[in-house]
J.: 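Let me give you the structure first, and then I'll get to my questions.
In what follows, chains are A, B, ... by sequence order, proteins preceding strands, each numbered from 1.
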There are 2 protein chains.
Amino acid sequence: MTAKYQEIKELIIEQVDQGQFSAHQRLPSERLLAESFGTTRVTLREALSSLEAEGRLYREVRRGWFISPLPVVYDPNSRLGYEKVIESQNRSLSTLLIKAKLELANTKACRALGLKAFTKVIAIHRVHTIDNRPVVYAINYITSELFPGLLKRDLSHSLIDLYKEQYNIEGVTQNYSIYASNIDHDMANPLHTKQGTQALVIEKTNFSEGNCAFEFSIDYWRHDAIRIESYII
Amino acid sequence: MTAKYQEIKELIIEQVDQGQFSAHQRLPSERLLAESFGTTRVTLREALSSLEAEGRLYREVRRGWFISPLPVVYDPNSRLGYEKVIESQNRSLSTLLIKAKLELANTKACRALGLKAFTKVIAIHRVHTIDNRPVVYAINYITSELFPGLLKRDLSHSLIDLYKEQYNIEGVTQNYSIYASNIDHDMANPLHTKQGTQALVIEKTNFSEGNCAFEFSIDYWRHDAIRIESYII
DNA sequence: GAGTGGTCTAGACCACGGA
DNA sequence: CCGTGGTCTAGACCACTCA
């Protein structure tokens with residue numbers, strides 16, 4: 001723990017814990033911080049990156065470093081969509097549609113949905129923003145036959161509600177997979193981050209009654225924004 | 001994607017995918033790589049760190065950079081211990097006992113186990129090594145009254161088996177929590193890594209029949225070594 | 001003891017954000 | 001337009017690993 005960047009980390013943590021900074025607040029510029037810690041930007045950034053990896057700080061690309069708020073708690077075993085989960089934790093949510101179109105299912109989607117190669121599926125790309133910070137890049141692959149006209153509907157709200165209310169289809173079981181990965185080029189901009197930022201990925205397959213897979217989703221979360229918790233009964 | 005370190009990443013990925021390197025194999029030294037890519041160590045390390053964050057490479061502290069093997073797949077909803085899960089995936093496992101003693105339960109353990117403050121619990125720290133690579137630092141907190149003499153037993157094998165065979169106690173339900181964090185000072189050495197390395201943390205509470213919490217565990221996984229998958233029926 | 005990775009310095013230029 | 005973060009250079013010293 002004698003490394004300089006470790007000492008800087010502790011100093012920053014101390015200041016945050018003392019309440020000098022509050023969630024979502026921007027830190028002083030790198031040059032200022034480096035000077036005040038008596039070091040160079042390279043070493044300062046080593047400390048900041050490490051705090052980012054710990055989920056204590058996050059960065060908005062080219063905008064600066066910010067204090068991470070508490071993560072949203074999510075239970076993959078629950079049948080609730082993010083909308084209800086996030087609202088129940090008194091956080092604000094807005095959803096931005098990136099793109100939605102019919103396309104050839106990729107390997108993963110084919111396998112999850114039990115489709116033959118070259119089958120077309122509805123692909124919806126969206127970004128969810130919590131408390132004014134974009135934190136999830138969500139991709140939904142949906143079997144097209146069951147959902148005629150889906151692409152013409154308002155896709156900026158809960159898809160689960162849409163399936164249920166407009167198509168009378170409700171997920172009754174699901175599989176999921178969780179792993180650590182990172183943000184790729186296409187997702188970086190809408191998440192205000194840069195390629196390579198740590199992400200927690202949640203993949204889910206939704207089955208309707210009759211054990212028919214109708215939706216496969218991949219959600220890329222900024223890793224400090226979510227915590228998985230499940231209470232099995 | 002014009003950044004130099006991004007190009008280097010792609011070159012390395014290419015070589016790995018072409019089979020130039022196999023799992024657990026060590027890359028050439030940083031100085032050699034930097035020279036062969038026509039750059040400095042700083043930029044080269046930027047590329048390597050990014051590949052580490054993606055789970056494609058891992059490092060052994062002061063020993064070098066290695067190719068990540070496929071992750072172990074783990075289902076937190078299953079009642080199996082790591083031992084059986086890992087063996088079923090044809091990976092070798094060995095367990096090293098770091099320390100085991102009776103100690104005051106910390107806040108987390110108290111809450112999970114429903115204990116009053118200042119209650120003593122059995123705390124067991126172990127490191128699990130998969131295919132000769134240490135990848136999990138596991139801490140188990142166990143209520144002491146139910147397990148007399150536990151500290152004198154062989155703690156280098158499955159605790160679940162021990163509970164069942166020696167104390168006739170079997171977990172029937174559990175809660176769990178999963179989040180991204182990183183490796184702290186004390187865990188760094190036994191994991192052959194350095195403080196700050198990304199980790200995926202799995203916390204679990206085990207309940208016996210009668211809904212009595214008897215074990216709380218926190219497992220710090222090197223993030224590239226595990227993938228959570230669950231199939232709910 | 002040679003070579004390694006871990007850390008650090010003191011600069012530099014660029015593209016983008018925000019006023 | 002100025003200041004920012006993103007990237008990069010060309011060195012350096014140290015503690016450790018391994019032959």
Side-chain angles (χ1 to χ4, degrees), chain A residues 1-12 25-53 57-67 132-134 182-185 188-198, chain B residues 1-12 25-53 57-67 132-134 182-185 188-198:
Chain A
M1 175 54 81
T2 48
K4 197 160 188 171
Y5 79 93
Q6 295 285 5
E7 290 170 17
I8 294 173
K9 278 177 63 178
E10 300 210 332
L11 290 170
I12 295 176
Q25 192 177 337
R26 185 177 168 281
L27 263 59
S29 80
E30 292 182 0
R31 284 169 179 83
L32 255 172
L33 286 172
E35 193 190 5
S36 69
F37 289 124
T39 187
T40 56
R41 275 182 70 211
V42 175
T43 301
L44 188 263
R45 278 170 67 88
E46 182 83 20
L48 295 176
S49 301
S50 182
L51 289 166
E52 181 189 32
L57 300 181
Y58 66 94
R59 65 176 117 178
E60 298 267 303
V61 73
R62 284 185 187 287
R63 292 196 53 240
W65 298 84
F66 299 82
I67 308 293
N132 295 315
R133 175 189 174 212
N182 64 7
I183 301 297
D184 78 18
H185 181 68
N189 267 326
L191 287 176
H192 295 181
T193 186
K194 63 165 188 155
Q195 187 177 10
T197 301
Q198 280 181 68
Chain B
M1 174 58 75
T2 49
K4 197 161 188 172
Y5 79 92
Q6 294 286 6
E7 288 169 17
I8 294 173
K9 279 176 62 177
E10 300 210 331
L11 290 171
I12 295 175
Q25 193 178 336
R26 185 175 170 280
L27 265 59
S29 80
E30 292 182 359
R31 285 168 177 85
L32 253 171
L33 286 172
E35 193 189 5
S36 71
F37 289 125
T39 185
T40 57
R41 276 180 70 211
V42 175
T43 302
L44 189 261
R45 279 171 66 89
E46 180 86 21
L48 295 176
S49 300
S50 182
L51 290 167
E52 182 189 29
L57 300 181
Y58 66 94
R59 63 175 118 175
E60 297 267 305
V61 72
R62 287 188 185 283
R63 294 197 52 241
W65 297 84
F66 300 81
I67 308 294
N132 294 314
R133 177 189 172 212
N182 64 8
I183 300 297
D184 78 19
H185 182 68
N189 266 327
L191 287 177
H192 295 180
T193 186
K194 62 166 192 157
Q195 186 177 14
T197 301
Q198 280 180 69

J.: Would you mind reading off the distance between B:Leu27 atom CG and C:dT4 atom C1', rounded to a whole angstrom?
T.: 14 Å
J.: For C:dG18, does OP1 or OP2 lie under 4.0 Å from any side-chain N or O of A:Arg63?
T.: yes
J.: Under 4.0 Å between a side-chain N or O of B:Lys4 and OP1 or OP2 of D:dG6?
T.: no
J.: Specify the separation, in whole Å, of atom CG of B:Leu44 and atom C1' of C:dT4.
T.: 13 Å
J.: Using a cut-off of 6.0 Å, state whether more than 12 heavy atoms not belonging to A:Gln25 lie near its atom CD.
T.: yes
J.: Would the base of D:dG3 count as contacting A:Arg31 through its side chain, where contact means a donor and an acceptor less than 3.5 Å apart?
T.: no
J.: Taking CZ from A:Arg45 and C1' from C:dA10, how many angstroms apart are they, rounded to a whole number?
T.: 16 Å
J.: According to a strict under-4.0 Å criterion, is A:Thr39 in side-chain N/O contact with OP1 or OP2 of C:dT9?
T.: yes
J.: Nearest to the side chain of A:Arg41 - C:dG6, C:dA12, C:dG17?
T.: C:dA12
J.: If only side-chain N and O atoms of B:Lys194 are considered, is one of them under 4.0 Å from the OP1 or OP2 phosphate oxygen of C:dT7?
T.: yes
J.: Under 3.5 Å, side chain of B:Ser49 to main-chain N/O of B:Arg45, donor-acceptor pair present?
T.: yes
J.: Treating B:Arg26 as the side-chain partner and B:Arg63 as the backbone partner, does any N or O pair qualify as donor plus acceptor under 3.5 Å?
T.: yes
J.: As a quick check of understanding, evaluate side-chain contact (heavy atoms from CB on, under 4.5 Å) for B:Phe66 and B:Arg133, giving each step before the final call.
T.: CA-CA 11 Å; B:Phe66 300 81; B:Arg133 177 189 172 212; over 6 Å; no
J.: Could you tell me whether B:Arg62 contacts a base, only the sugar-phosphate backbone, or nothing, with contacts defined as non-hydrogen atoms closer than 4.0 Å?
T.: base
J.: Going by side chain to side chain contact (heavy atoms under 4.5 Å, CB included), B:Gln6 matches just one of B:Glu10, B:Lys4, B:Lys9. Which one?
T.: B:Lys9
J.: Counting any heavy atom closer than 4.0 Å, what does A:Arg59 reach on the DNA or RNA strands: base, sugar-phosphate only, or nothing?
T.: sugar-phosphate
J.: OP1 or OP2 of D:dG5 sitting under 4.0 Å from any side-chain N/O of A:Arg26?
T.: yes
J.: Does a nitrogen or oxygen in the side chain of B:Tyr5 sit under 4.0 Å from OP1 or OP2 of D:dT7?
T.: yes
J.: Rounded to whole angstrom units, what separation is found between the CG atom of B:Leu32 and the C1' atom of C:dA2?
T.: 14 Å
J.: Could you check which of D:dT17, D:dT4, C:dG6 has an atom nearest any side-chain atom of B:Glu30?
T.: C:dG6
J.: Donor-acceptor pair, B:Thr197 side chain versus B:Lys194 backbone, under 3.5 Å?
T.: yes
J.: Rounded to whole angstroms, how far apart are CD on A:Glu46 and C1' on D:dT7?
T.: 15 Å
J.: Starting at the 5' end of DNA chain C, which residue's closest nucleotide do you reach first, A:Thr40 or B:Val61?
T.: B:Val61
J.: Among the nucleotides D:dT9, C:dT7, C:dT4, which one has an atom lying closest to any side-chain atom of B:Ser29?
T.: C:dT4
J.: To the nearest Å, give me how far apart CZ (A:Phe37) and P (C:dC8) are.
T.: 13 Å
J.: Using whole Å, what does the distance between atom C1' of nucleotide C:dT4 and atom CD of B:Glu35 come to?
T.: 15 Å
J.: May I have the distance from A:Leu48 (atom CG) to D:dG6 (atom C1'), rounded to whole angstrom?
T.: 13 Å
